[in-house]
Protein chains: 2
Amino acid sequence: MSQTVDRALSILPLLAEGPADLGTVADRLGVHKSTALRLLRTLHEHGMVYRQSDQRYRLGARLIALAQEAMENLDIREIAHPHLVRLNERIGHTVHLAVYEEDEVLYIDKVESRYPVRMYSRIGKPVAITVAAVAKLLLADLPEPERRALAEKLDYPMYTSRSTPNAAAFLRELDKAREQGWASDLGGHEESINCVAAPVRGADGRVAAAMSVSAPNVVVTADELLTLLPLVRRTADEITGEYSGKTPAKDAP
Amino acid sequence: MSQTVDRALSILPLLAEGPADLGTVADRLGVHKSTALRLLRTLHEHGMVYRQSDQRYRLGARLIALAQEAMENLDIREIAHPHLVRLNERIGHTVHLAVYEEDEVLYIDKVESRYPVRMYSRIGKPVAITVAAVAKLLLADLPEPERRALAEKLDYPMYTSRSTPNAAAFLRELDKAREQGWASDLGGHEESINCVAAPVRGADGRVAAAMSVSAPNVVVTADELLTLLPLVRRTADEITGEYSGKTPAKDAP
DNA sequence: AATGAACGTTGCAATCAATGCAACGTCCCT
DNA sequence: AGGGACGTTGCATTGATTGCAACGTTCATT
C-alpha cells in the first residue's frame, strides 16, 4: 500500500540473512543506492538496524526489544507459563507453547528439559508447520476454506521418512487432530524426537494456543511418551479454564 | 529522513505498550485516520502487526521471528553460550550475557539458575543501564566523550537506596569498572539481588560483551558471590580468547 | 424499532515528500 | 599516482502520500 514503507520493511528480512552493505541492499530492493541509504538511515534512527564497524548493516537492538515486549503482551503466555513450569517439574521433558498467526506457527514459550539431552528450538522461531504436533492442532481449528488454502500453499519438506508428505496427508492429519483433541509428531521432524500436544482454547471455544511435550527416543520411547498424554491434556485444560475465564472475549492470538 | 517510514516505525513502540485501535494510533501519530490505516496495512502485509478479532492492532509474529534471527546472527552469542552453560552447571546461579548498542544494553543470552528462587529478566529486554554490572563494563569502554554524553543523558531511577543516583556517581562507577576489569551490582536494582560481571573483548581489545552471575541474598551473600569472581573472569577470558581469535576484526556489537 | 454515535474504509485532488541522477569524497588496492 | 569500489549529498522531476469528505457498519441508546 505504501511503497516507501513497503521497501523499508523489505530490508529487514533481507538483513536477517546476515549483514549486508549498502550496494547489496539497493540491488536486492531494486532501487538506487541513494534511496536505499535513506531508507536504512530511517531504520537506523529507530534502532531497527545497526551499522557495524565495517559499515555493513544488520538488524538492531530495538527490534529485539520490541519483539520482547510483543511477547510479554500475549496474555495467554503469562497465564500458561506457571502451568508449563509445573508440568516440566513433574515430567522433566521439554515443554512448548505455540500460537498461530497468519500462516505461521511459532513458539512463544519453552521450559527446558531437565534431562541432559536437549532438543533444539527457540522461542520466537517459526515451527516446522507441516509436522509439528502443535501446528496440527492450531491449523486443525481454522475454518475449512482457510485451512484448505493454507495446506495447498505450504511446502512439505521431508525432514525424515515420517514427515507429512503432501497437502492431502496433512489435511488428514488435521482432521485426526480435531477429532481426537490432541496430536503427536513421532519422528516427523527429527528422527529421534517425539512430541505429544494438546490445545488451549479461548472463551469462544476456538483453539488459541497449543502446548506440547517433547522428548528424544533415547530418554523415553514413543509409547512411554503417549503415557503422559492425559497429563498434558489436563494441563492444557487447566490453562483453557483460566484463559477463557479471564479474557473479555477479545484478543485471539 | 523518510517521513512515511518514520511514521510507520513510530507505530511499533506505540503498539508495544499494548493493543490499540485505528483512532488511537492516528491520534498518537498526529495524522489523519486514513493515513494511519494505510501505514498499518503496510505493516500488516509484512507481518509486523496483527489485527486481533476485536479489530485492534498489536505487534505481529514476523517481528518476533525477525528478532529471533537477529539474535542468532550474533556470533558472540553462539561462541559464548556453551561457556555460560558450563559456568552455570558449576555454580548453579543465573548467568547472563549482554551487549551494548546505541544507548541500550540488552541481554542476549541467559542460563537460568538451578536454585528454586529465580530472578526476573528476559533475553532481549533492555537492562537497567545505570545499575547493572554488565552495563557498567560495557559503557566503561566507550570513548570518553561518548561515555560522558550518555551519562548526562540518562535517567537515574532509584530502584533501591543503593542505586546509582546521578551522572557523576555513574561515571565514577565506570572508571572503577574499567580499572579493576570487573563490576558488581550489590542490591542496586533489586534489594536482595547481587551480581558480579566480567567483560568479553573482541580482537581489537574493545569490550564486545559482558557476562554476569546473579544470585539473591537468600541463596548466597554478597561476599560469597564475590568469591566466584575469579571463575567468572576466567570464563569471560575464555570466551574472549575464542571470540577474538575467530572474528576477522569486523562486527562489533 | 429507530436514531445516532463511533469507527473503519474508500475515492479524489492537491501537494509535498520520495526518487534517481550525477557529481563528489574517501578509502583501499594496485 | 591512478583506478576502482563504496558511501554520501544537492537537486529537479515525478509520482506517491496526504487529508478531506462521504459512505458503510456495527453497536449502544432512546
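When reading the values below, keep in mind they use all heavy atoms of this one structure, side chains included, and skip hydrogens, waters and symmetry mates. Every chain is numbered from 1 and lettered A, B, ... according to where its sequence line falls, protein lines coming before strand lines.
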Rounding to an integer number of Å, can you tell me how far [X] [atom1] sits from [N] [atom2]?
| X | N | atom1 | atom2 | result |
| --- | --- | --- | --- | --- |
| A:Arg56 | D:dC6 | CZ | C1' | 14 Å |
| B:Leu37 | D:dC20 | CG | P | 16 Å |
| B:Arg41 | D:dT18 | CZ | P | 13 Å |
| A:Leu40 | D:dC6 | CG | C1' | 14 Å |
| A:Leu29 | C:dA18 | CG | P | 16 Å |
| B:Leu22 | D:dT25 | CG | P | 18 Å |
| B:Gln55 | D:dT25 | CD | C1' | 10 Å |
| B:Gln3 | D:dA16 | CD | C1' | 12 Å |

For a quick check of understanding: with a heavy-atom distance under 4.0 Å over all strands, which category does B:Thr4 fall into, base, sugar-phosphate or nothing?
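Touches sugar-phosphate only.
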Name the closest nucleotide to the B:Ser34 side chain, picking from D:dC20, D:dT9, C:dA17.
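Selected nucleotide (nearest to the side chain): D:dC20.
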Would you indicate which nucleotide in D:dT9, C:dG8, D:dG19 comes nearest to any side-chain atom of B:Arg7?
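In terms of side-chain proximity for B:Arg7, the closest of D:dT9, C:dG8, D:dG19 is D:dG19.
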Can you check whether any acceptor in the base of D:dG7 is under 3.5 Å from a donor in the side chain of A:Arg51, or vice versa?
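No, no donor-acceptor pair under 3.5 Å.
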Under-3.5 Å donor-acceptor pair between A:Arg38 side chain and C:dG20 base
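Between C:dG20 and A:Arg38, which were checked side chain against base, a qualifying N/O pair under 3.5 Å is present.
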Would A:Arg206 and A:Asp204 pass as an ion pair if we require N to O under 4.0 Å?
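A:Asp204 and A:Arg206: not salt-bridged.
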Do A:Asp21 and A:Thr24 pair up side chain to side chain, a donor and an acceptor below 3.5 Å, judged on atom types alone?
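Checked: A:Asp21/A:Thr24 side chains pair up, N/O donor to acceptor below 3.5 Å.
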Using 30° and 60° as the class limits, which term best fits the ring planes of B:Tyr107 and B:His96: parallel, tilted or perpendicular?
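Parallel.
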Toward the 5' end of DNA chain D, by each residue's nearest nucleotide, A:Thr24 or A:Ser2
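Nearest nucleotide further toward 5': that of A:Thr24.
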N/O donor-acceptor pair under 3.5 Å between B:Thr42 side chain and A:Val5 backbone
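Pair absent, no side-chain N/O of B:Thr42 close to backbone of A:Val5.
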With rounding to the nearest 0.5 angstrom, report the OG to CG distance, B:Ser10 to B:Leu15.
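It is 11.0 Å, given to the nearest 0.5 Å.
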